[in-house]
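One structure is given below, encoded as structure tokens.
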Amino acid sequence: MTPPTQDAPIVELHDVEYRYPGGSRSSHAGVGPLSFSVRRGEFFCVVGESGSGKSTLLGLLAGFLLPTSGDLRLLGEPLRGPTERQALVQQEHALFPWRTVLGNVEFGLEMRGAAQPERREGAMNALRLVGLEEFAFRRVHELSGGQKQRVSLARALAVSPPLLLLDEPFSALDVATRHTLGQELLGIWRHTGATVGFVTHHLDEALELGGRVIVLREGRVVIDGPTRSLDLGTLREALKV
Ligand code: ADP
Ligand code: MG
């Protein structure tokens, strides 16, 4: 018999709800109830209109928001806050302008108490993954928008999170850069075997990247299926008000 946790989903939600304090019950200020699970190693995309609850869902998975009700588990354990197992990349890079690229990427490892040279090695490996090794000693303001998002991605990757969450990470970039970074992310996903949760409001991006697409509308899941069973028309139809 295999140990019970061996095939446990990385993430499990049972009737998970989150309501923002002050939001009325009838409004959609929040998400849920949501019930679904994610297998280890999956690359799932979450799409939906602005305000549909994508960031709230990611905040829950990252442990930054705690469910108002329901049961949310990470690797079989109730999720009670951020752990070493999740990393979140946000739309606006939150890099420290006074630090070098390397200093920024080392930050997460520093927070986890990693010593030099372990920190340096982890950060350099992550920079290599995103193709920014030569930029290690540059300052953040010397970089393009795409390069800054690569640094944010490297900072998340440096801690080798089993669950990598990205909230519209490439949305502020031009289409070509967005496409390139998406393809690079796919390469990194294959290389690391991490589970990836990717939020976007670009339906084509979701179909291109995800093996699975979850569509949110007013805080609820309206479509959840393998990408091969979905197309743009189906997604657009699901989002129509
Ligand atoms: P999305 O990321 O899909 O644009 P969000 O998860 O940010 O959506 O928001 C979901 C719902 O919760 C929206 O109705 C939004 O107005 C509301 N909401 C988001 N953040 C807050 C907040 N800090 N306080 C109150 N309501 C919020
Ligand atoms: Mg959002």
Side-chain angles (χ1 to χ4, degrees), residues 11-38 43-72 74 79 81-82 86-95 145-146 148-149 152-153 155-156 161 163-175 177-178 181-182 185 195-210 212-225 227 230 232 234-241:
V11 168
E12 291 166 274
L13 296 90
H14 298 285
D15 295 324
V16 168
E17 277 197 86
Y18 183 82
R19 297 286 151 225
Y20 286 97
S24 79
R25 278 236 130 227
S26 56
S27 80
H28 303 292
V31 292
L34 298 170
S35 297
F36 64 87
S37 59
V38 176
F43 192 129
F44 67 101
C45 287
V46 180
V47 297
E49 305 276 278
S50 174
S52 60
K54 304 182 296 297
S55 296
T56 306
L57 170 58
L58 235 57
L60 286 165
L61 299 182
F64 294 135
L65 300 174
L66 297 178
T68 313
S69 61
D71 184 36
L72 172 56
L74 182 70
L79 185 49
Q86 309 114 298
L88 177 64
V89 177
Q90 280 165 320
Q91 177 171 6
E92 293 299 319
H93 74 83
L95 302 172
K148 284 178 189 153
Q149 276 312 66
S152 299
L153 181 57
R155 181 163 66 185
L163 180 61
L164 176 62
L165 303 164
L166 305 105
D167 193 354
E168 311 212 30
F170 310 143
S171 289
L173 308 173
D174 61 84
V175 182
T177 311
R178 178 153 64 82
L181 284 180
L185 179 62
T195 308
V196 176
F198 187 97
V199 164
T200 176
H201 62 262
H202 297 285
L203 302 180
D204 54 342
E205 194 178 30
L207 290 172
E208 197 177 304
L209 298 180
R212 170 182 182 182
V213 178
I214 295 173
V215 182
L216 289 184
R217 190 166 147 180
E218 296 178 347
R220 307 286 303 268
V221 174
V222 289
I223 288 187
D224 179 358
T227 310
L230 299 166
L232 268 183
T234 313
L235 297 184
R236 284 207 187 106
E237 193 59 35
L239 291 175
K240 262 192 197 154
V241 184

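We count residues from 1, following the sequence as given. Atoms within each ligand, like the ligands themselves, are counted from 1 in listed order. Remember, predicted model here, so these are calculated numbers, not experimental data.
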Gly48 to ligand 1, any heavy atom closer than 4.0 Å: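 Gly48 does not count as a contact of ligand 1 under the 4.0 Å cut-off.
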Sub-4.0 Å heavy-atom approach of Glu168 to ligand 1: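 No, Glu168 has no heavy atoms under 4.0 Å from ligand 1.
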Main-chain N/O of Ala94 paired to Arg155 side chain as donor or acceptor, under 3.5 Å: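 Checked: pair present.
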Those atoms of ligand 1 less than 4.0 Å from some heavy atom in Thr56: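 Atoms satisfying the 4.0 Å criterion: 5 (P), 6 (O), 9 (O), 10 (C).
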Contacting atoms of ligand 1, where contact means under 4.0 angstrom from a heavy atom of Glu49: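 Near Glu49, the atoms of ligand 1 are 3 (O).
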Step-by-step side-chain contact (heavy atoms from CB on, under 4.5 Å) determination, Leu34 to Leu216: CA-CA 10 Å; Leu34 298 170; Leu216 289 184; 4.2 Å; yes
Result of checking Val215, Thr234, Val213, Leu239 against Leu203 for side chain to side chain contact (heavy atoms under 4.5 Å, CB included):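 By the side chain to side chain contact (heavy atoms under 4.5 Å, CB included) criterion, Leu203 pairs with just one of Val215, Thr234, Val213, Leu239: Leu239.
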Sole candidate of Leu88, Thr200, Leu185 that passes side chain to side chain contact (heavy atoms under 4.5 Å, CB included) when paired with Leu166: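 For Leu166, the side chain to side chain contact (heavy atoms under 4.5 Å, CB included) test succeeds with only one of Leu88, Thr200, Leu185, which is Leu185.
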N, O or S atom of Ser50 closer to the Mg ion (ligand 2) than 2.8 Å: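 No, Ser50 does not qualify, because none of its backbone or side-chain N, O or S atoms lies under 2.8 Å.
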SB check Arg212 Asp224 (cutoff 4.0 Å):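 Judged by the 4.0 Å cut-off on N to carboxylate O distance, Arg212 and Asp224 do form a salt bridge.
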